[in-house]
Novice: 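Handing you this structure, nothing more for now.
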Amino acid sequence: MDSEGEDRLVSVIPVHFTNRLQPSIHLHQFPLLTRPLEVPPSAAASGKRIRARVKPNVKRLEIHVPVDTRPEVWNAERSRDLGSARVEDDKEKNQELPKVKQREGEEPRLSEVRMRSEQVPQSGSYVLGVLRDGRLHLHPISETHQFRPTMTYMDMHTRKARRPRGGDDSDEDDGPPPDPDEPAPAPAPKKEKKPAGEAREVQVAVRKTGEGSGLQFQGGMTQVRRDMLTLIHAEEDERWEDFEYCGGETAEANEAFESVFSTSFRELECKSDITSLLKDVPGL
């Protein structure tokens, strides 16, 4: 008998490795708790489906899930207000969807939840593992994405709500705050004061003294902000590419799932030793 607390070998499981679908295997995380990612019954009854689209250059994905439009859980009047704001927000950010046929005089409605991805850096190597028929099948995961609901249309809705009050003397405006990198506009001339001078931006160039060459600009956060705005504009300018979304029980999903399993029984030869393995471990 084994002594108390001693681990014993229970079974040996053969491991199969394949990268047949690389780099198409991604790990997608959704804030759904225990609920599956599927169309609500009320939306499915009207023929609505989940849609997907992607911007490949910036690696941004979006999944559009129809909402549950039952009166007890959905405010139809509010959906009209937010739907109109989303249409304007899409036009402003160059992310319009294909036009859907509407009845004459019918206002657009908020009919779906958009979940947008944010790529998460992978620490180490991620693999997908499936145990089948006593064998463990592994496939590398190329990218990890976290999805969150995107509600940028709320900013547009707030701006639209402020427009009727634009004529009063309040300090509220109907747009975003001014960009600090842009020269401030000259104030209106007044009789008792002279107009303010033109704002100018000053940068100091310091030549690197260490390795490498070139100039390093020091201008506070100005250059960092410009780089961020450049990335934002590049993403907005890129066109969305539509993708067909296939649920987990569809024939297309089952076919892709079967491709994860290796059909080869050839043994892999290990070309590394314990010394090279330890050298690759950070911190050792």
Side-chain angles (χ1 to χ4, degrees), residues 13 15-44 48-69 73-74 82 86 89-90 93-95 97 110-132 135-155 228 231-232 234-236 238-262 281-282:
I13 302 176
V15 178
H16 292 253
F17 180 86
T18 180
N19 58 356
R20 182 186 306 174
L21 299 180
Q22 197 174 14
S24 300
I25 297 294
H26 296 179
L27 175 61
H28 292 175
Q29 300 173 342
F30 300 91
L32 300 176
L33 299 179
T34 58
R35 297 182 293 110
L37 183 64
E38 59 184 19
V39 181
S42 60
K48 295 182 179 179
R49 301 173 55 189
I50 296 178
R51 297 183 297 177
R53 58 183 184 175
V54 62
K55 289 186 176 183
N57 293 335
V58 296
K59 296 185 178 181
R60 186 80 65 190
L61 299 95
E62 266 193 3
I63 295 180
H64 302 176
V65 184
V67 298
D68 189 350
T69 56
V73 296
W74 189 251
L82 298 180
R86 168 171 280 180
D89 185 62
D90 286 347
K93 293 182 172 60
N94 192 29
Q95 55 183 12
L97 291 170
L110 189 69
S111 59
E112 61 188 14
V113 175
R114 295 182 186 176
M115 288 188 286
R116 182 171 296 184
S117 72
E118 189 72 32
Q119 187 172 5
V120 180
Q122 297 185 165
S123 55
S125 299
Y126 288 15
V127 295
L128 169 66
V130 181
L131 190 62
R132 172 189 275 189
R135 300 177 182 273
L136 179 61
H137 297 264
L138 302 179
H139 195 292
I141 296 176
S142 302
E143 299 176 8
T144 300
H145 295 265
Q146 290 183 346
F147 285 78
R148 296 181 178 88
T150 172
M151 295 181 288
T152 56
Y153 56 87
M154 293 298 298
D155 296 333
M228 293 176 60
L231 294 175
I232 293 174
E235 179 175 344
E236 292 181 353
E238 184 178 356
R239 304 292 298 181
W240 287 101
E241 296 182 10
D242 292 332
F243 268 48
E244 181 181 0
Y245 179 86
C246 300
E249 302 300 327
T250 60
E252 293 84 355
N254 290 331
E255 181 180 353
F257 179 69
E258 291 297 329
S259 301
V260 172
F261 300 100
S262 174
V281 178

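Along the sequence shown, residues carry numbers from 1.
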Novice: Would one find more than 12 heavy atoms of other residues, nucleotides or ligands at under 6.0 Å from atom CZ of Arg20?
Specialist: yes
Novice: What I'd like to find out is whether the side chain of Leu37 reaches to under 4.5 Å of the side chain of Tyr245, using heavy atoms alone.
Specialist: yes
Novice: Can a salt bridge be assigned to the pair Glu241 and Arg239 using a cut-off of 4.0 Å between side-chain N and carboxylate O?
Specialist: no
Novice: Which value, rounded to the nearest 0.5 Å, describes the distance between Ser24 atom OG and Asn19 atom CG?
Specialist: 11.5 Å
Novice: Test of understanding: with salt bridge (Lys or Arg N to Asp or Glu O under 4.0 Å), list the residues that count as partners of Arg53, not counting sequence neighbours.
Specialist: Glu62
Novice: Could you walk me through whether Tyr153 and Met151 pass the side chain to side chain contact (heavy atoms under 4.5 Å, CB included) test, one step at a time?
Specialist: CA-CA 5 Å; Tyr153 56 87; Met151 295 181 288; 3.7 Å; yes
Novice: Would you check if Met154 and Leu82 make a side-chain contact, meaning some heavy-atom pair closer than 4.5 Å?
Specialist: yes
Novice: Should the ring pair His145 and His28 be called parallel, tilted or perpendicular, given that the plane angle runs from 0 to 90° and is split at 30 and 60?
Specialist: perpendicular
Novice: Name all residues meeting the salt bridge (Lys or Arg N to Asp or Glu O under 4.0 Å) criterion together with Glu118; count only those two or more places apart in sequence or in a different chain, and write none if there are none.
Specialist: Arg60
Novice: Would you mind telling me which of Lys48, Arg49, Arg51 makes a salt bridge (Lys or Arg N to Asp or Glu O under 4.0 Å) with Glu112?
Specialist: Arg51
Novice: Working to the nearest 0.5 Å, report the span between CG of Leu27 and OH of Tyr126.
Specialist: 8.0 Å
Novice: For atom CD of Glu258, decide whether the heavy atoms of other residues, nucleotides or ligands shown that lie under 6.0 angstrom number more than 12.
Specialist: yes
Novice: Could you work out, with salt bridge (Lys or Arg N to Asp or Glu O under 4.0 Å) as the rule, every residue matching Asp155, not counting sequence neighbours?
Specialist: none
Novice: Could you work out, with ring pair (Phe, Tyr, Trp, His ring centres under 6.0 Å) as the rule, every residue matching Phe243, not counting sequence neighbours?
Specialist: none
Novice: Give me each pair satisfying salt bridge (Lys or Arg N to Asp or Glu O under 4.0 Å) with a member in residues 24-38, each pair once, sequence neighbours excluded.
Specialist: none
Novice: Could you note down all residue pairs passing salt bridge (Lys or Arg N to Asp or Glu O under 4.0 Å) where residues 138-152 supplies at least one of them, sequence neighbours left out?
Specialist: Lys59-Glu143
